[in-house]
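Reading through the structure tokens given below for one structure.
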2 protein chains.
Amino acid sequence: MDPHATETDRASTATRILDAAQAQIQRRGYNAVSYGDLADALDLTTAAVHYHFSSKADLGKALVARYRQANADARAAIQEEEETLRGQLERYVEGYVGILESGGLCLCGVLAADDETLPAPVRREVRGFFADQEDWLAEIIADADDAELAGHDAPREVAELLLATIEGAMLTTRHRGPDAYRTLLRRFIDTVAS
Amino acid sequence: MDPHATETDRASTATRILDAAQAQIQRRGYNAVSYGDLADALDLTTAAVHYHFSSKADLGKALVARYRQANADARAAIQEEEETLRGQLERYVEGYVGILESGGLCLCGVLAADDETLPAPVRREVRGFFADQEDWLAEIIADADDAELAGHDAPREVAELLLATIEGAMLTTRHRGPDAYRTLLRRFIDTVAS
DNA sequence: GTCTATAAACTGATAGAC
DNA sequence: GTCTATCAGTTTATAGAC
């Protein structure tokens with residue numbers, strides 16, 4: 001690898017296409033982002049984008065799969081490094097703030113709104129993402145010390161409620177900045193963990 | 001008016017266009033619904049649709065304004081007919097179930113996901129809708145008997161949290177049917193009203 | 001109020017040269 | 001791996017007849 005290459009140069013074109021697609025879809029929705037938009041953003045032609053992702057279904061599926069994997073890695077790090085349930089939940093919730101700061105929403109929240117227009121493989125990935133979150137949240141809530149739990153007997157329901165709150169808060173507070181989101185989620189966590 | 005006209009005949013074309021646009025946008029998102037789609041659904045031409053709504057911004061603005069008004073009427077009826085905070089919240093939450101049953105999301109939830117692509121007048125209406133909900137919810141929570149409240153001192157924050165939960169629960173449970181939504185919201189209300 | 005006809009731009013996608 | 005060139009289909013919108 002060329003040691004003089006810039007950070008941007010080092011990323012493969014396929015990765016740069018995924019980066020641009022993610023940024024634009026999170027801000028504008030799936031159906032408002034075209035091959036032309038991505039080509040323009042990267043100074044390529046639409047044919048070059050098609051070389052890397054032969055169809056939009058292909059691109060969408062690869063995009064959500066990558067998002068899911070990055071998210072799984074982040075969750076693993078949280079579980080390893082945070083000892084208390086409160087610490088884990090706070091870091092998990094904070095993980096979405098960067099998205100809001102760049103003007104977008106959770107990729108899968110946006111795609112869920114476009115659900116009926118998604119190619120089937122993309123829809124499957126989106127549902128898989130939600131299932132991932134609910135499974136993991138239910139697990140860390142169930143595993144928490146009794147002393148830390150605010151009397152919750154149904155980890156799965158609390159997990160689903162937290163995921164819904166995160167996705168909904170991003171939607172309803174996106175025009176007010178990240179602090180509005182933080183305030184809502186802090187209040188939620190207060191009702192779950194001591 | 002022709003006394004033999006059917007229910008559908010009686011509705012003006014403008015109203016039928018708004019009905020079709022609302023149904024389709026709630027299922028597919030703003031940018032996946034075209035004049036051609038609406039014309040097809042109503043057996044009209046795109047030119048006829050343009051006669052009633054000269055631009056898509058026009059149509060979108062009229063659509064959200066009507067949605068806001070219908071919602072305001074529903075809230076007024078709830079406030080008049082339900083005596084307890086719990087009764088008011090349960091009926092408010094239940095008001096969104098019909099949307100889920102027809103396969104869609106809250107119109108303004110969908111539009112908020114497409115935020116950056118919306119014509120400015122439409123975006124204003126969408127934010128107005130969210131403000132309407134938060135104002136009203138904060139008011140009924142603040143007005144509730146102390147005996148009924150589960151120790152909440154910040155009506156506004158609880159109102160924002162409820163709205164976020166509703167919008168988010170619709171997004172994350174849409175593929176699981178209305179009962180998944182109901183279960184989540186029941187649990188939320190239990191934490192607010194006795 | 002609805003139609004036919006049309007425009008100009010954009011969409012996802014392909015063929016073949018370099 | 002990227003380009004030029006091109007396709008058929010769609011999108012928002014307008015002009016003018018009925």
Side-chain angles (χ1 to χ4, degrees), chain A residues 1-2 5-6 8-22 24-25 27-64 110-111 114 116-123, chain B residues 1-2 5-6 8-22 24-25 27-64 110-111 114 116-123:
Chain A
M1 198 183 295
D2 178 6
T6 66
T8 314
D9 289 341
R10 260 200 288 277
S12 72
T13 301
T15 297
R16 288 166 58 230
I17 291 170
L18 290 177
D19 291 345
Q22 184 171 338
Q24 292 194 26
I25 291 175
R27 283 168 156 273
R28 308 170 51 81
Y30 182 77
N31 294 296
V33 178
S34 70
Y35 274 75
D37 293 331
L38 302 177
D40 286 351
L42 300 170
D43 254 301
L44 290 172
T45 60
T46 59
V49 181
H50 272 288
Y51 170 80
H52 294 281
F53 300 98
S54 61
S55 72
K56 209 178 166 183
D58 227 53
L59 172 59
K61 191 186 165 189
L63 182 59
V64 186
V110 171
L111 293 178
D114 294 326
E116 276 208 7
T117 71
L118 299 180
V122 180
R123 203 178 314 155
Chain B
M1 200 185 292
D2 178 5
T6 65
T8 314
D9 290 341
R10 260 199 288 277
S12 74
T13 301
T15 298
R16 289 167 56 232
I17 291 170
L18 291 177
D19 291 345
Q22 185 172 336
Q24 291 194 26
I25 291 174
R27 285 169 153 271
R28 308 171 51 81
Y30 181 77
N31 295 295
V33 178
S34 70
Y35 274 75
D37 293 332
L38 302 177
D40 286 351
L42 301 170
D43 254 300
L44 291 172
T45 61
T46 60
V49 181
H50 271 288
Y51 170 82
H52 294 281
F53 301 97
S54 62
S55 72
K56 209 177 166 182
D58 228 52
L59 172 58
K61 191 186 165 189
L63 182 59
V64 185
V110 171
L111 293 178
D114 295 326
E116 277 209 8
T117 72
L118 299 179
V122 180
R123 204 178 315 156

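Throughout, a chain's letter reflects where its sequence line sits, starting with A, and its residues are numbered from 1. Note that these values count all heavy atoms, side chains included, but never hydrogens, waters or copies made by symmetry.
When the P atom of dT2(C) is taken as reference, atom CD1 of I17(B) falls 7 Å away, rounded to whole Å. Taking atom CG on D40(B) and atom P on dG9(D), their separation rounds to 15 Å, with Å as the unit. Computed from coordinates, the Y35(A) OH to dA9(C) P distance equals 24 Å when rounded to whole Å. For the pair L38(B) CG and dG1(C) C1', the computed distance is 17 Å after rounding to whole Å. Whole-Å rounding puts the N31(A) CG to dC10(C) P distance at 18 Å.
In this structure the side chain of D114(A) reaches within 4.5 angstrom of the side chain of D114(B), judged on heavy atoms.
Note that CZ of R28(B) is 7.5 Å distant from CG of N31(A), once rounded to the nearest 0.5 Å. Put simply, OH on Y35(A) and OG1 on T46(A) are 9.5 Å apart, with the number rounded to the nearest 0.5 Å. We find the CG-NZ distance between L118(B) and K61(B) to be 14.0 Å, quoted to the nearest 0.5 Å.
Formation of a donor-acceptor pair under 3.5 Å by the D40(B) side chain with backbone atoms of D37(B) is not found in this model. Here the side chain of K56(A) pairs a donor or acceptor atom with the backbone of Y30(A) at under 3.5 angstrom.
Residues of residues 43-58 of chain A that place a heavy atom closer than 4.0 Å to DNA chain C, in numerical order, are T46(A), A47(A), H50(A), S55(A), K56(A).
Between S34(B) and the phosphate of dT10(D), there is no side-chain N or O to OP1/OP2 separation shorter than 4.0 Å.
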